[in-house]
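In what follows, a structure is listed as structure tokens, so that the remarks can point back to it.
Side chains are part of it too, since the values below use all heavy atoms of this structure and drop only hydrogens, waters and symmetry mates. The sequence lines fix the lettering, A, B, ..., with proteins before strands; numbering per chain opens at 1.
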Protein chains: 2
Amino acid sequence: MPVNPKRRTTLRDVAEAAGVSPSTVSNAYNRPDQLSPGLRERVLEVARQLGYSPHPLARGLRRGQVGAVGVLYGDSLSYPFADPVAALFMQGLSSVIEAASLGLLLVPRRTVDDALVRTAAVDGFVVYSLFEHDALVERVLERGLPTVFVDHPGRAGFPAVRVDDLGGAQAAAAHLLGLGHTRLGVVALPLGGADAANLSCCNASRARLQGYEGALPGTGAWMQVLEVAENLPSEGARAARDLLSLKPRPSALLCMSDQLALGVLDAARQMGLRVPEDLSVVGFDDIPEARRTIPALTTVHQPLLEKGVWAGRLLLAQLRQEPLEPPPTLPTHLVLRESSGSFRG
Amino acid sequence: MPVNPKRRTTLRDVAEAAGVSPSTVSNAYNRPDQLSPGLRERVLEVARQLGYSPHPLARGLRRGQVGAVGVLYGDSLSYPFADPVAALFMQGLSSVIEAASLGLLLVPRRTVDDALVRTAAVDGFVVYSLFEHDALVERVLERGLPTVFVDHPGRAGFPAVRVDDLGGAQAAAAHLLGLGHTRLGVVALPLGGADAANLSCCNASRARLQGYEGALPGTGAWMQVLEVAENLPSEGARAARDLLSLKPRPSALLCMSDQLALGVLDAARQMGLRVPEDLSVVGFDDIPEARRTIPALTTVHQPLLEKGVWAGRLLLAQLRQEPLEPPPTLPTHLVLRESSGSFRG
DNA sequence: TTAGACTACTGAAACGATTTAGTAAATCGG
DNA sequence: CCGATTTACTAAATCGTTTCAGTAGTCTAA
């Protein structure tokens with residue numbers, strides 16, 4: 001008894017079994033008004049019995065859409081689940097995408113090659129925090145799909161969601177300078193270097209550095225910048241140990257992310273430095289945990305959920321061919337908590 | 001000057017422009033050995049100039065694969081970014097999926113209809129923590145794709161990753177009983193009720209309840225169960241307030257998740273109850289934050305990353321048609337910290 | 001010299017749906 | 001009762017690739 005090697009049940013099979021044309025089966029699914037209710041019910045029943053389900057790729061190919069949007073970001077696949085900043089952004093984005101009944105395809109930058117970007121079955125892309133000169137940006141644009149850039153200058157014709165990183169960073173630095181600090185350390189996220197070849201860096205980092213530096217002129221303070229390799233507390237701790245062994249020691253540390261600042265607080269504790277009495281620490285992002293550290297972290301708030309929501313909105317607008325003004329640069333603001341205090345020489 | 005309305009550059013266009021057949025262009029991409037290096041280079045150059053990129057759906061349709069796996073779970077799209085347990089699972093899963101250069105498509109259960117499951121362009125599914133009798137399980141199976149079940153009994157022929165929820169819960173309850181507690185409150189995740197209609201419940205909840213109850217016989221202790229609607233600290237706090245206003249008051253609370261336990265700790269603090277002197281609290285999951293609460297949370301550890309890794313492995317094995325034994329039930333164990341203490345009547 | 005094996009490329013048939021245009025029958029207004 | 005519209009359904013083209021089978025032409029071995 002030669003059993004047919006397993007093959008998909010196809011629309012044609014259903015049509016034959018029901019004694020109708022393929023078009024009718026298709027219509028039963030997609031245009032109920034095109035056939036009599038009785039027949040439709042019968043067709044659907046036959047389909048059910050045969051265990052038929054339409055092939056999503058075939059359908060997508062014909063219709064020109066798949067019902068999913070891709071998120072491209074500059075780290076490992078697991079990053080948005082591990083990093084609180086990315087996670088919040090994704091939550092904002094998700095809420096909009098979900099309301100539109102779309103799926104979300106995660107496309108990490110750190111894949112062997114760019115195959116994933118070229119083959120991702122999506123209707124549009126959100127490019128999150130990729131480095132400005134990343135070649136992958138070109139690959140995305142080649143797809144010719146609706147695209148939104150986040151934390152990236154973007155391209156003419158494509159909306160971008162931007163945050164006032166520069167202003168926030170400047171406020172953070174000005175805050176410390178105002179407290180009398182004159183020796184500042186900066187725990188910096190990857191900056192990409194002059195050659196612009198390091199792709200793990202993102203544009204926000206550069207804007208933040210610029211902001212820090214912008215607060216300096218005329219104050220007579222100095223600033224020592226130390227770059228970390230990854231956005232992790234452990235890296236922040238390591239950088240803090242290095243910066244705090246400088247002579248003279250910085251009396252305040254500006255951290256380009258709260259993740260780094262968490263590590264800095266740990267390191268300070270281990271080194272027996274009291275925060276903020278011996279050392280002031282200022283973070284960036286205002287992740288939920290920043291409020292719960294001891295001491296609670298002074299940091300720069302950026303509207304992460306809102307950022308995601310805007311990215312989603314702008315992408316949907318493109319998908320639906322509706323016009324939608326991209327938002328102005330989203331504001332940041334300094335949140336004063338307990339980890340920063342005035343300098344006591 | 002009638003501009004052609006924007007149309008995709010297709011493989012055929014490239015073929016014409018390069019003066020070769022479509023097959024050759026395709027081969028230039030997919031089978032370099034099938035044509036001379038010189039021609040290949042020329043074809044690729046033409047393609048580049050025309051801004052051509054192969055249509056992923058057409059390619060996927062023909063080849064029978066898309067290079068992405070779907071994750072189906074029982075909550076909102078943003079859940080895995082917001083819930084620490086799901087996030088850790090996803091990190092484990094991601095690490096494996098990424099190593100295989102695949103994308104990850106998030107498919108939330110809470111979508112208007114089941115369209116997403118039927119249309120998701122993926123090569124396989126991970127079904128995470130869906131309720132046993134959820135109709136969506138059928139929809140997934142109808143797709144006829146490789147599938148792995150997590151926290152779900154699954155189906156014959158499909159591997160499942162299971163965790164010893166029952167044993168862990170029993171250990172938690174036994175721990176409290178051993179400390180002399182005789183009045184226990186349970187802050188329960190949605191259990192689905194007898195009608196099995198509530199889909200926001202998952203099987204792990206039931207196993208945990210069973211575990212708690214299994215420790216009870218012969219101890220003379222009683223147990224009051226209160227179900228929450230969602231796995232959020234705020235819900236845990238609310239449940240705690242209700243349970244702690246019972247007369248006589250429970251001296252210990254078993255929480256079905258650390259998220260709930262976090263809320264319980266908050267509520268206790270607000271009610272002026274000291275933990276563990278006045279109230280013992282035991283969580284479940286052992287999320288990273290459990291170690292940092294004050295007091296640190298006694299909880300049941302489950303291997304979340306490992307769970308994700310197994311799910312990924314089992315799915316990949318199916319995709320590659322390699323045999324792979326599903327793992328035995330993964331172990332849980334009680335982690336004693338500071339939130340549980342002996343009963344002082 | 002010639003059968004056989006490569007090499008470099010092409011033609012046409014899939015893959016599995018949707019959709020446009022069209023046909024026959026039923027319904028309608030007057 | 002007749003032409004016009006509507007209803008219910010179908011044939012065939014199409015979406016953009018990949019791949020099987022095939023065709024010249026070149027190379028090897030005896």
Can you tell me the distance, in whole Å, between the [atom1] atom of [X] and the [atom2] atom of [N]?
| X | N | atom1 | atom2 | value |
| --- | --- | --- | --- | --- |
| B/Arg118 | C/dA17 | CZ | P | 12 Å |
| A/Leu39 | D/dA8 | CG | P | 10 Å |
| B/Gln34 | C/dT7 | CD | P | 10 Å |
| A/Asp33 | D/dC9 | CG | P | 12 Å |
| B/Arg12 | C/dA13 | CZ | P | 13 Å |
| A/Leu61 | D/dT17 | CG | P | 9 Å |
| B/Leu35 | C/dT7 | CG | C1' | 11 Å |
| B/Asn30 | D/dG16 | CG | P | 17 Å |

Kindly give the heavy-atom pair with the smallest separation between B/Pro108 and B/Leu116, and that separation in Å.
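The pair with the smallest heavy-atom distance is CD-CD1, 4.2 Å.
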Nearest to the side chain of [X], which nucleotide is it out of [options]?
| X | options | result |
| --- | --- | --- |
| A/Ser26 | D/dT19, C/dG16, C/dT19 | C/dT19 |
| A/Ala58 | D/dG16, C/dA17, C/dT19 | C/dA17 |
| B/Asn27 | C/dT19, D/dT19, C/dA17 | D/dT19 |

If you compare every side-chain N and O of [X] against the phosphate oxygens of [N] (OP1, OP2), does one of them come in below 4.0 Å?
| X | N | value |
| --- | --- | --- |
| B/Ser23 | D/dT18 | no |
| A/Thr10 | C/dA17 | yes |
| B/Arg59 | D/dG16 | no |
| A/Ser36 | D/dA8 | no |
| A/Tyr29 | C/dG16 | no |
| A/Ser21 | D/dC9 | no |

When only distance counts, do a donor and an acceptor, one from the side chain of A/Arg62 and one from the base of D/dT14, lie under 3.5 Å apart?
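Counting by modelled atom types and ignoring angles, a donor-acceptor contact under 3.5 Å is found here.
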Donor-acceptor under 3.5 Å (B/Asp123 side chain, B/Val66 main chain):
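Checking the backbone N and O of B/Val66 against the side chain of B/Asp123, a donor-acceptor pair under 3.5 Å is found.
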Kindly say whether A/Ala120 contributes a backbone atom to a donor-acceptor pair with the side chain of A/Arg143 at under 3.5 angstrom?
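At least one qualifying donor-acceptor pair exists.
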Is the ring pair A/Phe89/A/Tyr128 parallel, tilted or perpendicular, if the boundaries are 30 and 60 degrees?
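Rings of A/Phe89 and A/Tyr128: parallel, under 30°.
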On the 0 to 90° scale, with breaks at 30° and 60°, tag the B/Phe149-B/Phe158 ring pair as parallel, tilted or perpendicular.
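Plane angle over 60°, so perpendicular.
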A/Leu57 vs A/Arg31, nearer the 5' end of DNA chain C by closest nucleotide:
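It is A/Leu57, whose closest nucleotide lies nearer the 5' terminus.
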